[in-house]
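In what follows, a structure is listed as structure tokens, so that the remarks can point back to it.
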There are 2 protein chains.
Amino acid sequence: MNTPLEDKIRELKHQGLKATVARRAVLEVLIEGPSHQSADDIATKISQRYPEIHLSTIYRTLDTLENIGSIDHVHLGHGRAVYHLGDDPHQHLVCDRCGSVIEVPNEIFASLSKTLANDYGFHLRRSHFAVLGRCQACEATDGSTAQPR
Amino acid sequence: MNTPLEDKIRELKHQGLKATVARRAVLEVLIEGPSHQSADDIATKISQRYPEIHLSTIYRTLDTLENIGSIDHVHLGHGRAVYHLGDDPHQHLVCDRCGSVIEVPNEIFASLSKTLANDYGFHLRRSHFAVLGRCQACEATDGSTAQPR
DNA sequence: CTGCTTGCAAATAGTTTGCACGTTC
DNA sequence: GAACGTGCAAACTATTTGCAAGCAG
């Protein structure tokens with residue numbers, strides 16, 4: 001068994017892609033960092049070690065990695081997308097008040113998924129949508145303390 | 001019973017808001033038009049009758065209407081938001097291939113909603129998220145004909 | 001008349017793209 | 001050394017905001 005990074009690099013090469021500094025850097029950050037990071041989050045971290053890596057390269061790299069299935073992204077509702085490794089399929093609960101993200105296992109959506117397929121011929125895409133609502137804390141304080149949205 | 005438009009105007013006034021031309025126009029389009037329209041869709045239609053109404057006014061109007069609960073919006077995953085009347089709470093299934101939107105009644109999400117509340121303290125927000133996946137047609141033809149995304 | 005609304009223009013935020021140069025295999 | 005990648009700057013899309021003028025109540 002190898003390091004997760006080495007595994008990802010191997011995936012890259014298997015697809016006939018080159019293992020560049022930028023791609024390694026993006027993968028490192030995704031592997032180390034919190035599980036959900038925006039392109040900008042990633043860029044900020046990378047720029048500490050490799051100041052020359054440009055934001056647009058990060059976008060292109062994320063796009064590439066997503067195409068080969070190494071990572072996934074979710075839209076959190078306010079426009080910004082966050083990326084995460086594609087290894088552990090899960091769904092995202094996003095609080096529309098404080099923006100916190102809760103990950104829940106895919107199985108919770110199994111029966112919904114089945115219903116949608118049977119009744120509507122619709123096939124849920126794994127780990128690619130955010131479910132909006134209120135987290136416990138925000139639900140408790142309701143519209144009194146912080147900003148909605 | 002009155003026309004839907006009159007009802008909405010009344011809601012406005014009850015909230016101490018003014019019934020302006022722009023607000024009437026936006027409501028008209030939402031009532032007449034397809035059930036899911038983006039700010040830009042709405043602006044385009046309105047500009048035929050009232051060329052002077054500015055896009056930014058539409059955004060402000062949509063925001064206002066949403067605040068008083070007259071309408072809702074959903075993010076369809078690619079950044080653009082669509083708006084619809086708030087009368088009939090439902091969820092949206094969006095095909096990430098062809099972009100089509102299927103509406104499903106809220107009840108289908110009832111058990112999911114309960115599970116999330118019990119296990120995660122998370123309270124699903126009604127009619128405010130899009131579920132991504134593949135519609136029947138796209139699932140059938142898979143990655144062969146059209147563009148993913 | 002008085003404040004809520006709007007038009008306009010300019011600013012943002014997030015992401016994408018054209019092009020010439022650089023790097024990996 | 002050829003093809004793939006990248007830096008940079010500029011374009012884009014969707015949306016927001018400041019401000020002065022306009023209109024509803």
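Order of the sequence lines fixes the chain letters, A, B, ..., with proteins taken first and strands second; residue numbering starts at 1 for each chain.
Going from atom CG of Asp63(A) over to atom C1' of dT17(C) covers 12 Å, rounded to whole Å. The distance from atom CG of Asp40(B) to atom P of dC12(D) is 15 Å, rounded to the nearest whole Å. Distance, Ile53(A) CD1 to dG22(C) P: 17 Å, rounded to whole Å. Atom NE2 in His73(B) sits roughly 14 Å away from atom C1' in dT16(D) (whole-Å rounding). Atom CZ of Arg24(B) is separated from atom C1' of dT5(C) by 14 Å (rounded to the nearest Å). Note: CD (Gln15(A)) to C1' (dG5(D)) measures 17 Å, nearest angstrom. As rounded to whole Å, 14 Å separates atom C1' of dG22(D) from atom CZ of Arg23(B). Counting to the nearest Å, the P atom of dG22(C) and the NZ atom of Lys18(A) are 15 Å from each other.
Residue contacts for Leu55(A): at a heavy-atom cut-off of 4.0 Å it reaches a base atom on one of the strands shown. Contact annotation for Ser56(B): base contact, defined as any heavy-atom pair under 4.0 Å involving a base atom.
The side chain to side chain contact (heavy atoms under 4.5 Å, CB included) check on Asp40(A) picks up Ser38(A), Thr44(A), Leu55(A), with sequence neighbours excluded. The ring-ring contact (aromatic ring centres under 6.0 Å, His included) test applied to His36(B) returns His84(B), His90(B), His92(B), not counting sequence neighbours.
Between Thr20(B) and dT6(C) there is a side-chain polar atom (N or O) within less than 4.0 angstrom of OP1 or OP2. A sub-4.0 Å separation between OP1 or OP2 of dG25(D) and a side-chain N or O of Lys13(B) is present.
No side-chain heavy atom of Val82(B) sits less than 4.5 Å from a side-chain heavy atom of Gln37(B). For the pair Ile108(B) and Tyr120(A), the minimum side-chain heavy-atom distance is below 4.5 Å.
Of the candidates dG7(C), dT16(C), dG5(D), the closest approach to any side-chain atom of Tyr59(A) belongs to dT16(C). Closest to the side chain of His54(B), out of dA24(D), dC8(C), dA3(D), is dC8(C).
Looking only at distances, a side-chain donor or acceptor of Arg23(B) sits under 3.5 Å from a matching main-chain atom of Lys18(B).
Between Thr57(A) and Val21(B), the one whose closest nucleotide on DNA chain D sits nearer the 5' end is Thr57(A). Both Ser38(B) and Ile58(A) sit near DNA chain D, but only Ile58(A) has its closest nucleotide nearer the 5' end.
Checked by distance alone, Arg60(B) brings a side-chain donor or acceptor within 3.5 Å of a matching partner on the base of dG18(D).
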